[in-house]
Amino acid sequence: GYGDVTYSWTPFFSTAIRFDYWNYRSEVEKRGSLALIWSDFYKNSSFYLVFSKNMELPIEEKNDEVRLVWRLTPQYDAPVKSF
């Protein structure tokens, strides 16, 4: 399972935190992430800078992540012309 919280500081900048947890055949893995998000006014284009810390049990591996994601979404509220 997971849980996340996002907070918009301005119309253009947000932050998010996320915690993931799963237990697969008695191997427990947890991941905590922090994201910095820059968006345009309509949220059509967003850049995410994500820092993730992976915590595995019983053996800790060096597999933490830093990702830069560019997310494009269509504008859903655009007027539609009918012919």
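Small disclaimer: the values here were computed from a predicted structure and weren't measured. Just so you know, these numbers use all the heavy atoms, side chains as well, and skip hydrogens, waters and symmetry mates.
Contact check on Lys62 versus Asp64 returns no salt bridge, with no Lys/Arg side-chain nitrogen under 4.0 Å from an Asp/Glu carboxylate oxygen.
At a cut-off of 3.5 Å, with distance as the only test, a side-chain donor of Ser14 or Ser8 sits close to an acceptor on the other residue.
Considering all non-hydrogen atoms of both residues, Phe51 and Leu36 come closest at CE1-CD1, 4.3 Å. Between Lys43 and Thr73, the shortest heavy-atom contact is O-OG1, 3.1 Å.
We find the OG1-CD1 distance between Thr6 and Ile37 to be 5.5 Å, quoted to the nearest 0.5 Å. From Met55, atom CE reaches atom CG of Asn63 across 10.5 Å, with rounding to the nearest 0.5 Å.
Inter-residue side-chain proximity for Tyr7 and Ile17 is flagged as unmet; no heavy-atom pair is nearer than 4.5 Å. Phe41 places a side-chain heavy atom less than 4.5 Å from the side chain of Pro11. Using a 4.5 Å heavy-atom threshold, the side chains of Phe19 and Arg31 count as separate. Here the side chains of Asn54 and Glu65 are in contact, with some heavy-atom distance below 4.5 Å. Between Ser45 and Arg71 there is no side-chain heavy-atom pair separated by less than 4.5 Å.
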Would Ser46 and Trp38 satisfy side chain to side chain donor-acceptor pair (under 3.5 Å), going step by step from the backbone distance to the final call? CA-CA 6 Å; Ser46 300; Trp38 292 271; over 6 Å; no
**OP:** Please assess Phe47 against Trp70 for the test ring-ring contact (aromatic ring centres under 6.0 Å, His included), listing each intermediate value before the final yes or no.
**Re:** CA-CA 5 Å; Phe47 286 97; Trp70 181 22; 5.6 Å; yes
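Between the side chain of Thr15 and the main chain of Leu34, no donor-acceptor pair closer than 3.5 Å is present.
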